[in-house]
Each structure stands twice: as C-alpha cells, then as structure tokens.
Amino acid sequence: MSSFVAVARVEELPPGARLHYAFEEETVIVLNVGGEFFAIADLCTHDGGPLEDGEVCDHQIECPRHGARFDIRSGRVTRLPAADPIPTYRVKVEDGLVYVEEPELW
Ligand code: FES
C-alpha cells in the first residue's frame with residue numbers, strides 16, 4: 001500500500017515552479033502546471049538522462065538530452081526516441097502541504 005510524503009508547502013511551489021524530492025530509491029520531480037500538481041520520475045527511459053531541466057509545454061516535458069517527450073499526467077511517450085513511459089506518482093494537497101505518493105520499492 002502506498003503512502004504519501006509531504007514535499008513542500010503549496011506557496012513554495014507556485015504555477016510554473018518545480019522541485020526535486022529524493023526518496024530513498026528514486027528522485028521525483030514535482031511540478032505545478034497551471035495550478036495543478038504532478039509528480040514524475042526524474043529519469044528518461046530512453047537513455048537514463050535526467051528530466052530535471054526539461055522544458056514543459058502543454059503538459060509535456062522534453063528530455064534535454066535527445067528530445068524525447070512525455071506526458072506528465074500519464075507518463076506516456078509523446079515523442080521519440082523514448083519508447084517506454086516514465087513513472088508518475090499521485091499528488092494531493094492537504095492543509096497547505098503538497099504530498100507525493102512514495103515510489104514503491106521492488
Ligand atoms: S536520454 Fe532522454 S531522450 Fe535520450
């Protein structure tokens with residue numbers, strides 16, 4: 001069963017902002033896009049590049065290395081060269097805090 005971890009106060013993550021949160025096994029990027037929060041793995045499935053500096057446009061993040069794009073809502077690939085989706089994590093806001101679902105260990 002997954003658990004949620006508080007990663008920031010809502011005011012620390014205004015629209016257009018992002019942050020990194022290092023869980024034990026995985027670093028996650030938390031993004032505020034138009035007032036909605038999303039969380040994705042900071043790892044491109046094409047060649048393992050970080051997505052942290054990727055440009056976000058229309059709910060898609062572009063990998064800075066070779067230009068693959070992923071939908072931050074679902075993780076699905078929207079542009080090659082990546083073929084596999086990236087993990088996404090549920091986000092919730094409670095009492096002014098942004099919580100992210102902890103990646104499951106395997
Ligand atoms: S590592 Fe991301 S597109 Fe190649």
Side-chain angles (χ1 to χ4, degrees):
M1 190 158 130
S2 56
S3 59
F4 284 80
V5 173
V7 298
R9 302 198 59 76
V10 170
E11 62 266 25
E12 295 171 330
L13 203 54
R18 66 178 73 177
L19 66 81
H20 295 85
Y21 190 85
F23 288 95
E24 196 172 319
E25 295 291 321
E26 184 152 7
T27 300
V28 169
I29 306 171
V30 187
L31 309 104
N32 181 335
V33 178
E36 263 190 285
F37 295 99
F38 302 92
I40 60 174
D42 184 20
L43 190 67
C44 179
T45 55
H46 173 237
D47 195 27
L51 294 170
E52 61 181 332
D53 295 324
E55 212 171 291
V56 174
C57 184
D58 291 336
H59 291 96
Q60 293 178 57
I61 190 164
E62 182 173 307
C63 179
R65 284 183 68 188
H66 311 109
R69 286 186 191 161
F70 304 91
D71 189 315
I72 62 171
R73 297 167 292 193
S74 63
R76 81 179 168 89
V77 176
T78 58
R79 188 167 83 180
L80 298 172
D84 297 317
I86 55 172
T88 59
Y89 304 98
R90 291 183 293 164
V91 181
K92 67 179 182 181
V93 175
E94 275 180 14
D95 299 327
L97 296 173
V98 180
Y99 290 82
V100 175
E101 176 184 24
E102 192 168 6
E104 295 203 358
L105 303 177
W106 28 279

Less than 4.5 Å apart, side chain to side chain, heavy atoms only: is that true for Val10 and Val93? yes
Flag, side chain of Glu12 to backbone of Arg9, donor-acceptor distance under 3.5 Å: yes
Glu94 and Tyr99, any side-chain heavy atoms less than 4.5 Å apart: yes
Between Val30 and Phe38, is any pair of side-chain heavy atoms under 4.5 Å apart? no
Nearest 0.5 Å please: distance from the SG atom of Cys44 over to the NE2 atom of His66. 8.5 Å
Are Val28 and Phe23 close enough that some pair of their side-chain heavy atoms sits under 4.5 Å apart? yes
Is there a path of hydrophobic side-chain contacts, each under 4.5 Å between heavy atoms of I/L/V/M/F/W/Y residues, joining Phe4 to Val98? no
The single option from Leu19, Ile86, Leu43, Asp42 passing side-chain contact (heavy atoms from CB on, under 4.5 Å) against Ile29: Asp42
Run through Asp58, Ile61, Thr78, Thr88 and flag the one making a side-chain contact (heavy atoms from CB on, under 4.5 Å) with Asp71. Thr78
Once rounded to the nearest 0.5 Å, what's the spacing between atom CD of Glu25 and atom CD of Glu102? 10.0 Å
In residues 49-56, what donor-acceptor pairs under 3.5 Å come from side-chain atoms, sequence neighbours left out?
residue : atom : partner : partner atom : Å
Glu52   : OE1  : His20   : NE2          : 3.4

Separation between NE2 (His59) and CD (Glu36), nearest 0.5 Å, reads 5.5 Å
On a heavy-atom basis, the closest approach of Ala41 and Glu26 is CB-OE2, 2.8 Å
For Arg18, the salt bridge (charged side-chain N to carboxylate O under 4.0 Å, His left out) test, sequence neighbours excluded, returns none
Close side-chain approach of Pro103 to Tyr89, heavy-atom, < 4.5 Å: yes
Under 4.5 Å between any side-chain heavy atoms of Arg79 and Glu62, yes or no? yes
Atom of Asn32, atom of Pro15 and distance for their closest heavy-atom approach: ND2-N, 3.2 Å
Hey, does Asp47 have a side-chain heavy atom less than 4.5 Å from the side chain of Arg65? yes
Decide whether Val91 and Val5 are clustered together by the hydrophobic rule: side chain heavy atoms of Ile, Leu, Val, Met, Phe, Trp, Tyr closer than 4.5 Å, transitively. yes
Any side-chain heavy-atom pair of Val100 and Phe37 under 4.5 Å: no
Which heavy atom of Val77 sits nearest to which heavy atom of Pro85, and what is that distance? CG2-N, 4.0 Å
